[in-house]
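Computed from a predicted model, the values in this text were never measured in an experiment. Every chain is numbered from 1 and lettered A, B, ... according to where its sequence line falls, protein lines coming before strand lines.
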Amino acid sequence: MYDAVDYVRMPELPEVEMARRFVEERLIGRRVASLDVKDGKMLANASERSMKNVFIGNTVDDAYRHGKNLLVKIGDHHLHIHLGMSGSLHLVNDRENTSHERFRLGLDEGALVLDDPRRFGRFGIYHRIEDLIMEKELGPDALTVPEKVFVSRLEGRRGSIKPLLLDQSIIAGVGNLYADEALFQERLHPATRADSLSITEMARLGKRIRKVLDASITVRTELSRLPEGFLLRDRREGAPCPRCATALMAIRIGGRTTILCPACQSQRAKQ
DNA sequence: GAGTATGTTATATG
DNA sequence: GCATATAACATACT
């Protein structure tokens, strides 16, 4: 059986951080011997030929993450991987394959494989990480953004808070699940307008986002191992609110399913 | 078959 | 520019 990153959920920041640590622990110092693009549709900004030219013969030096983007430094360039909705990384033996193999980086021994059933993932080349951040217009990384910076990026916005948290140009890395968790813990209704929040409330929310992401990383993104009181331990319509036992409800905001506690997260008069 | 899915991007409308 | 809504991408699962 191949050696895999042990998550199965759709990747948000903590899951990508697990993938980054996986690459850091297992691949640094190893030489790239071959490279195969198994699904050309998933090539983001480079050709298979250019990727071979840039990476083969060089050594894996480091692994970085910005939001949900993974960047593996190989020689003078970075292999960029976005896991999309269903991507995962695996270290396999030379003769092993995963069921939905889309990209294979052959090493001196074994290979790094990107497996992705739904094919929403992407891979490509960036010379500098800053190039990716500018091109994709990514905000600061959600795990490390200082509260003051978080507040400044929300100021002046009038939309509902939840879609703003999911907007990668405001802060990078928050997805649908962790947005729900942070808003639940702050007792904020997801439709609360950003301009109805006080500076203090915004700062608290920024801090809460970091704490929630960090808590997930601490339990290796196994959500059932999160501390008591976390919504994500049992996030589904009808489940009891971990704080007041009221049945959780599902609504749609910004086109995304949102789970909240109607008692703890009351709407404000001014919406 | 219908409905759902945790991401991103494009397009349209006001 | 901003906010909102919708579709599209491709596949798996209930």
Side-chain angles (χ1 to χ4, degrees), chain A residues 5-19 38-45 65-70 80-88 98-103 114-124 132-133 135-139 141-142 153-184 190-196 209 212-213 215-217 219-224 226 230-239 248-260 271:
Chain A
V5 181
D6 59 352
Y7 60 77
V8 268
R9 265 191 338 286
M10 309 184 192
E12 301 185 36
L13 186 151
E15 290 78 15
V16 179
E17 176 63 16
M18 286 297 112
K38 308 282 187 177
D39 184 349
K41 276 193 170 182
M42 291 173 59
L43 279 167
N45 68 347
R65 182 193 53 73
H66 190 94
K68 301 168 193 169
N69 296 275
L70 176 64
H80 170 235
I81 298 175
H82 195 294
L83 297 174
M85 290 277 265
S86 58
S88 56
T98 65
S99 46
H100 306 282
E101 186 171 318
R102 309 301 182 192
F103 178 82
L114 169 63
D115 186 89
D116 186 1
R118 288 178 67 180
R119 303 166 71 198
F120 285 172
R122 293 292 180 266
F123 43 79
L132 165 75
I133 293 171
E135 183 185 310
K136 302 288 182 185
E137 300 180 329
L138 298 175
D141 185 73
R153 298 190 72 82
L154 275 185
E155 278 183 318
R157 306 299 294 247
R158 292 165 285 129
S160 299
I161 187 65
K162 179 170 173 182
L164 293 171
L165 296 184
L166 296 179
D167 184 339
Q168 302 297 299
S169 70
I170 294 180
I171 53 166
V174 177
N176 201 29
L177 261 61
Y178 296 103
D180 278 3
E181 182 69 55
L183 292 168
F184 169 74
T192 307
R193 281 179 52 141
D195 59 357
S196 75
I209 288 167
V212 164
L213 297 172
S216 176
I217 292 168
V219 299
R220 300 173 52 85
T221 75
E222 295 170 45
L223 301 185
S224 61
L226 286 169
F230 273 67
L231 178 77
L232 293 180
R233 284 167 41 120
D234 190 14
R235 174 189 176 273
R236 60 188 170 85
E237 185 173 20
L248 300 175
M249 67 184 291
I251 60 174
R252 278 187 95 79
I253 295 187
R256 314 300 298 279
T257 297
T258 301
I259 303 288
L260 74 158
Q271 289 282 338

**Report entry** Integer-rounded Å distance: B:dG7 P and A:Leu83 CG
**Finding:** 12 Å
Query raised in the report: Expressed in angstrom and rounded to an integer, what is the separation of A:Leu177 atom CG from B:dG7 atom C1'?
Result: 12 Å
Query - For A:His80, all residues meeting side chain to side chain contact (heavy atoms under 4.5 Å, CB included), sequence neighbours excluded - result: A:Asn69, A:Leu71, A:His82, A:Tyr126, A:Leu132
Report task. Just call it for A:Gly84: base, sugar-phosphate, or nothing, with non-hydrogen atoms closer than 4.0 Å on any strand. Result -> sugar-phosphate
Report summary line: Residues at least two apart in sequence or cross-chain that pass side chain to side chain contact (heavy atoms under 4.5 Å, CB included) with A:Ala142, listed by chain then number, are A:Leu13, A:Ile171, A:Val174, A:Ile209, A:Leu213
Requested in this report: For B:dG7, take OP1 and OP2 only and decide whether either is under 4.0 Å from a side-chain N or O of A:Arg256.
Outcome: yes
**Report entry** With A:Arg252 via salt bridge (charged side-chain N to carboxylate O under 4.0 Å, His left out) - residues at least two apart
**Finding:** none
Every protein N/O lying under 3.5 Å from an N/O of nucleotides 1-3 of chain C:
{"residue": "C:dA3", "atom": "OP1", "partner": "A:Arg158", "partner atom": "N", "Å": "2.5"}
{"residue": "C:dA3", "atom": "OP1", "partner": "A:Gly159", "partner atom": "N", "Å": "3.3"}
{"residue": "C:dA3", "atom": "OP2", "partner": "A:Arg157", "partner atom": "NE", "Å": "2.7"}
{"residue": "C:dA3", "atom": "OP2", "partner": "A:Arg157", "partner atom": "NH2", "Å": "2.6"}

Query - Candidate pair A:Leu83 and A:Val16, rule side-chain contact (heavy atoms from CB on, under 4.5 Å), full reasoning - result: CA-CA 8 Å; A:Leu83 297 174; A:Val16 179; 4.3 Å; yes
Query raised in the report: Is any side-chain N or O of A:Gln168 closer than 4.0 Å to OP1 or OP2 of B:dT8?
Result: yes
Query - Between B:dT8 (C1') and A:Lys68 (NZ): distance, integer Å - result: 9 Å
Report task. Considering only atom C1', compute the distance from C:dA3 to B:dT6 and round it to an integer number of Å. Result -> 24 Å
Report task. State which residues pass salt bridge (charged side-chain N to carboxylate O under 4.0 Å, His left out) with A:Arg119; sequence neighbours excluded, sorted by chain then number. Result -> A:Asp39
Query raised in the report: What are the two closest heavy atoms between A:Pro190 and A:Ser160, and how far apart are they?
Result: O-CB, 3.8 Å
**Report entry** Contacts of A:Asp180 that satisfy salt bridge (charged side-chain N to carboxylate O under 4.0 Å, His left out) - sequence neighbours left out
**Finding:** A:Lys162, A:Arg235
**Report entry** Nucleic acid footprint by protein, nucleotides 9-14 of chain B - heavy-atom cut-off 4.0 Å, B for base, S for sugar-phosphate alone
**Finding:** S-----
Query raised in the report: Over how many whole Å does the gap from A:Ile209 atom CD1 to B:dT6 atom C1' extend?
Result: 16 Å
**Report entry** side-chain hydrogen bond (donor to acceptor under 3.5 Å, both in side chains) involving A:Gln168 - partner list, sequence neighbours excluded
**Finding:** none
Query raised in the report: Do you know the tightest heavy-atom contact between A:Ser86 and A:Pro11?
Result: N-CD, 4.2 Å
Query - Spacing of the P atoms in B:dA2 and C:dA7 (rounded, Å) - result: 15 Å
**Report entry** Sequence-aligned protein contact record of nucleotides 9-14 of chain C, with B where the base is within under 4.0 Å of a protein heavy atom and S where only the sugar-phosphate is
**Finding:** BBBS--
Report task. List for me each residue that meets side chain to side chain contact (heavy atoms under 4.5 Å, CB included) alongside A:Leu43, sequence neighbours excluded, and say none if there are none. Result -> A:Val37, A:Met51, A:Phe123
Report summary line: Minimal heavy-atom distance between A:Ala19 and A:Leu70, with the atoms involved, is CB-CD2, 4.4 Å
Report task. Let me see the working for A:Leu154 and A:Leu164 under side-chain contact (heavy atoms from CB on, under 4.5 Å), right down to the final yes or no. Result -> CA-CA 8 Å; A:Leu154 275 185; A:Leu164 293 171; 4.1 Å; yes
Requested in this report: Give a yes/no on whether any side-chain N or O of A:His82 is located under 4.0 angstrom from OP1 or OP2 of B:dT8.
Outcome: yes
Report summary line: Atom CG of A:Leu138 and atom P of B:dG7 are separated, to the nearest Å, by 14 Å
Query raised in the report: What is the distance from CG of A:Leu13 to P of B:dG7, rounded to the nearest Å?
Result: 11 Å
Report summary line: One should read off an interatomic distance between A:Leu223 CG and A:Phe230 CZ, to the nearest 0.5 angstrom, of 10.0 Å
Query - Non-neighbouring partners of A:Ala250 that pass side chain to side chain contact (heavy atoms under 4.5 Å, CB included), sequence neighbours left out - result: A:Glu237, A:Ile259
Report task. Whole angstrom is fine here: how far is it from CD1 in A:Ile253 over to C1' in B:dT6? Result -> 16 Å
Requested in this report: Give DNA chain B the dot-bracket treatment, 5' to 3': Watson-Crick (N1-N3 with N6-O4 or O6-N4) or G-U (N1-O2, O6-N3) under 3.5 Å, [ ] crossing, | other strand.
Outcome: .||||.||||||||
